[in-house]
Amino acid sequence: MQQTKILEGLNARQREAVETIDGPLLIVAGPGSGKTRVITHRIAYLVKVVGVPPYRIAAVTFTNKAAKEMKERLHGLLGPAAKDMTASTFHAFCAMLLRREGKQIGLSREFTIYDDSDQQALFKRCMSEVNVDPKRFAIRAIQSAISSAKSQLIDAEQFGKASANYWDEIVHRVYERYQLLMARNSAVDFDDLLFKVYFMLRNRPDIATKYQERYSHLMVDEFQDTNVAQYAIARQIGDRTRNICVVGDPDQSIYSWRNADIRNILSFQKDFPEAKIIALEENYRSTQTIVDAARKLISSNEQRVDKELFTQNGKGVPIVTVEGYNEQEEAQYVVKEMERLVKTEGYSRGEVAVMYRVNAQSRALEEACMRYGIPYQLVGNLRFYQRQEIKDVAAYLKLLVNPDDDVSLSRVVNVPPRGIGQRTLDELTRTARDAGISMFAAIETLSDTDEVSPSAAVAPLPARSARALTNFRELIQGLIADMSELDLVDLIDLVLERTGYGRHVQNEAERGEERWENIQEFKSGASAFLKDFAEVDRDDTLAAFLESVTLVSDTDNMEDRANAVTLITLHQAKGLEFRVVFMVGMEDGILPHIRSMDDEEQMEEERRLCYVGMTRAKERLYLTRAFRRGFRGGIDPNGASRFLDDIPEELMVTRSATRVGPAGAGAWPSGPSRSATPGKRVQPGRTGNGKAQETPKVVRRRAGSSGPPKPQAAPLKTGDKIRHPKFGEGMVMGTKLSGTDTEVTVAFSDGQGVKRLLLSFAPLEKVE
């Protein structure tokens, strides 16, 4: 009876995946193929039919939104027993292991997780302490290099041994200092969550065995997005039983810039030769037209597991391609066509998404929405938990859990103002560095000036500054002493009152009311957390809440607003679906991005990104572009995206951006041609009065045809040593495409400083 109920409504392939419970399993799940349904029903099958205890099952995915959906479905299938199993994001899973076992490797249970802005603050300090000039060496570049190393399980010592040039030496110096300060602060970053778990399981067989026995079945969702470290951890956990099920789709691997490695899913069969592979190919989301177009597009890629998407949905309307004269005309078309769909076709704005490749494209869309009074939500703008007042309150709370957190202390030690100036803070930082202790511990050394010996390398502080530091230390210690008696919401209220931060915000003349409302929303989130995570031990509630706040992603706070259109990047749209999708900026240089032009692997990822965007659409898909686009300062005409060449012409209809109406809705054209002769497109020109007029032009660039000149690949790369006849020797700090040329940033020695040079003009000679 249980088996029949669990398998009810599944197609043959889905049923096969649910019933395959022994040994490794790779589920290649096409977009809209019901993979979440398969994962949750497979778990229910393991529990109710096979008899596996829920606590012996772990399922990990990549966003809190996906994890929450998984938990909700499991609760519907298993009832209260669902709480006994582990279902979380990969990073939250690793954080849990470190909270439980971190002491075994010298990591405090109360460690803090640093988000991107926290890392930036610490990197600035690290670079200062190892004499690396942030004007010559970009913090972001160093942070990215260290993140990449950690994702490949390369520690600072290994990185140093493998250093091949001066750039590597700089990164190594910062890497060593960064890890030292992270340890001193009892802190980890997102990469450390994976990095430390891997080495803990590798170096402590007793801990590895404990979790291999605990989790007899492991499931990894969105497996194509795993990096080397995540895959290695999955293999460690599943090594004993080999009951590891991974679900993913190489065609949707779009996060190489986050160190995701598509080779993980492509090589799964080699690592697990006994693995069974099941392809979920039936799409339940999109119309036949959209499925056919997407399938044809992605078939041009070589790095993929072949599968044939199909759907039993209706044919639907054709895909609409549109070109405006510029991004303003493109945005105006999108807004007007969306409003037409709302007024005449029965759609709501909340069922519409406008997707773009780069964030800068949102400006014209936002302006158009505001001009026409269209409500919208911009996903990936300043995230709620990154707002100043929220970061400040969170920093106070982090100090209560972990007083050794230097980044949080530096953020709030003088907020509200307490008479602790920059000189005092610099002295505190120096004292902590020299003594090898945290800044909180160093406060006692600086404030108790009477106990400092004449030979000590500590400059006595003015009495007022010393007293201010002592008062701050006593404030935090008093809150720590009282926190065990309070629930999370009451604790936040106490922090706001005692620190004076609540009054400080409310008294702000310009944005005080808005910032106070944000703090109230933060408290509402804390209240909701208490309800959703009632099983968390009271002593761990604050740490667990702060962890959930730090690990939140851009899409986790998306609202289901029926009256607001969603503006979102293609990367952020992964995992979402909408009845109507507008993909704007379908131009070479935008999608595909200009950085991918001379790299086949990057070009394949750009095609996958286009594929992901197209397959978010259920019923209607619009592909729009601009003849000229000004946000990059360019004035040259833009060529249509080469990806449009991959879509069969019979699946599309071309419309003018100046014409919105029933025809623009995507009705199938009568006759063999669209709005122009075969192989042609409508190209807006300009008349004397500034209005667009239709003139024929070749529709899409075919392979080998002429088009706008593409920038040449730079023969130099970051870290190369070069020589200039005037400026002498230097090192390449970065390269970027500038029109049809390449701009090279070089740090020259002998006091010449940093220069930005165009490669076609600068006589640079590479020094081996």
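Side chain of K48 to backbone of L77: a donor-acceptor contact under 3.5 angstrom is found. In this structure a side-chain-to-backbone donor-acceptor pair under 3.5 Å is missing from T287 to G314. R285 places no side-chain N or O within 3.5 Å of a backbone atom of R616 that could act as its donor or acceptor partner. Counting only distance, with no hydrogens or angles, the side chain of T40 and the backbone of R37 share a donor-acceptor pair below 3.5 Å. Of the possible donor and acceptor atoms, none in the side chain of E577 sits under 3.5 Å from a partner among the backbone N and O of A617.
In this structure, the side chains of I39 and M70 come closer than 4.5 Å at one or more pairs of heavy atoms. Taking 4.5 Å as the limit, every side-chain heavy atom of T63 sits out of range of all side-chain heavy atoms of T89. In this structure, L570 and L591 have side chains that are in contact, with non-hydrogen atoms separated by less than 4.5 Å. Residues V581 and R620 have side chains not in contact (no heavy-atom distance under 4.5 Å, counting atoms from C-beta outward). Considering only heavy atoms from C-beta on, K276 comes within 4.5 Å of E16 through its side chain. Annotation: side chain of C94 is in contact with side chain of L194 (closest heavy-atom distance under 4.5 Å). Between S348 and V342 there is no side-chain heavy-atom pair separated by less than 4.5 Å. Counting heavy atoms from C-beta on, the side chains of V38 and I27 come closer than 4.5 Å.
Distance check, rounded to the nearest 0.5 Å: CD of E72 to OG1 of T36 gives 11.5 Å. Rounding to the nearest 0.5 Å gives a distance of 9.0 Å between CD of Q361 and CZ of R357. Atom OH in Y347 sits 4.0 Å away from atom CD in E619 (nearest 0.5 Å). If you take OG1 on T321 and CZ on R625, they are separated by 5.5 Å, rounding to the nearest 0.5 Å. Atom-to-atom distance recorded for Y284:OH and E282:CD is 3.5 Å, nearest 0.5 angstrom. If you take CG on L378 and OG on S362, they are separated by 5.0 Å, rounding to the nearest 0.5 Å.
Closest heavy-atom contact between A17 and L25: O-CD2, 3.8 Å. The two residues A44 and L78 make their nearest non-hydrogen contact at CA-CD2, 3.8 Å. A pairwise comparison of heavy atoms in E308 and E281 identifies N-OE2, 2.9 Å as the closest pair. The shortest non-hydrogen separation linking H593 to S596 is O-OG, 2.7 Å. Taking all atoms of both residues into account, the shortest heavy-atom contact from P54 to A81 is CB-O, 3.5 Å. Counting all heavy atoms, side chain and backbone alike, L621 lies closest to M583 at CD1-SD, 4.1 Å.
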Inset, instruction - Quick one: do Y356 and L365 satisfy side chain to side chain contact (heavy atoms under 4.5 Å, CB included)? Show the steps, please. - result: CA-CA 10 Å; Y356 37 86; L365 296 164; 3.7 Å; yes

Legend entry - Derivation and outcome, side chain to side chain contact (heavy atoms under 4.5 Å, CB included), residues L297 and F643: CA-CA 7 Å; L297 169 79; F643 296 150; 3.7 Å; yes

Inset, instruction - Could you check L74 against I43 for side chain to side chain contact (heavy atoms under 4.5 Å, CB included), going step by step and ending with a plain yes or no? - result: CA-CA 8 Å; L74 285 170; I43 292 170; 3.7 Å; yes

Legend entry - Test log, rule side chain to side chain contact (heavy atoms under 4.5 Å, CB included), inputs V28 and L280: CA-CA 6 Å; V28 181; L280 304 181; over 6 Å; no

Inset, instruction - Decide side-chain hydrogen bond (donor to acceptor under 3.5 Å, both in side chains) for E330 and T624; before the verdict, give the C-alpha distance in whole Å, the side-chain angles of both, and the deciding distance to 0.1 Å. - result: CA-CA 7 Å; E330 176 189 46; T624 75; 2.8 Å; yes

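Looking at residues two or more places apart in sequence or on another chain, you find no salt bridge (Lys or Arg N to Asp or Glu O under 4.0 Å) involving R595. In this structure Y372 satisfies the side chain to side chain contact (heavy atoms under 4.5 Å, CB included) test together with Q332, V335, K336, I374, sequence neighbours excluded. With sequence neighbours excluded, the residues forming a side chain to side chain contact (heavy atoms under 4.5 Å, CB included) with V52 are L46, V50, R56, I57, S216, H217, listed by chain and number.
Between the side chains of Y215 and T86, at least one donor-acceptor pair of N or O atoms lies under 3.5 Å. Judged by distance alone, the side chains of T311 and N283 never bring a donor and an acceptor atom under 3.5 Å apart. For Y611 and Q252, the side-chain atoms include no donor-acceptor pair closer than 3.5 Å. If you check the side chains of Y255 and N227, you find no donor sitting under 3.5 Å from an acceptor. With no hydrogens or angles considered, a side-chain donor-acceptor pair links E222 and Q224 at under 3.5 Å.
The number of heavy atoms from other shown groups lying within 6.0 Å of CD (E274) is above 12.
For the side-chain contact (heavy atoms from CB on, under 4.5 Å) criterion with P318, the lone passing option out of T654, L651, V653 is V653. F582 pairs with exactly one of V320, V352, L567 by the side-chain contact (heavy atoms from CB on, under 4.5 Å) rule, that one being V352.
With respect to E605 and R608, a salt bridge is recorded, a charged nitrogen being found less than 4.0 Å from a carboxylate O. A salt bridge does not link D22 with R242: every distance from a Lys NZ or Arg NE/NH1/NH2 to an Asp or Glu carboxylate oxygen is 4.0 Å or more. Salt bridge status for D588 with R642: present, with a side-chain N to carboxylate O gap under 4.0 Å. A salt bridge is defined here as a Lys NZ or Arg NE, NH1 or NH2 lying under 4.0 Å from an Asp or Glu carboxylate O, and R607 with D251 fails to meet this definition. Checked for salt-bridge contact, E19 and R15 miss the test: no charged N lies under 4.0 Å from a carboxylate O.
Between F627 and Y325, the ring planes lie tilted relative to each other; the angle falls in the 30° to 60° range. Using cut-offs of 30° and 60° for the angle between ring planes, the F62 and F90 rings count as tilted.
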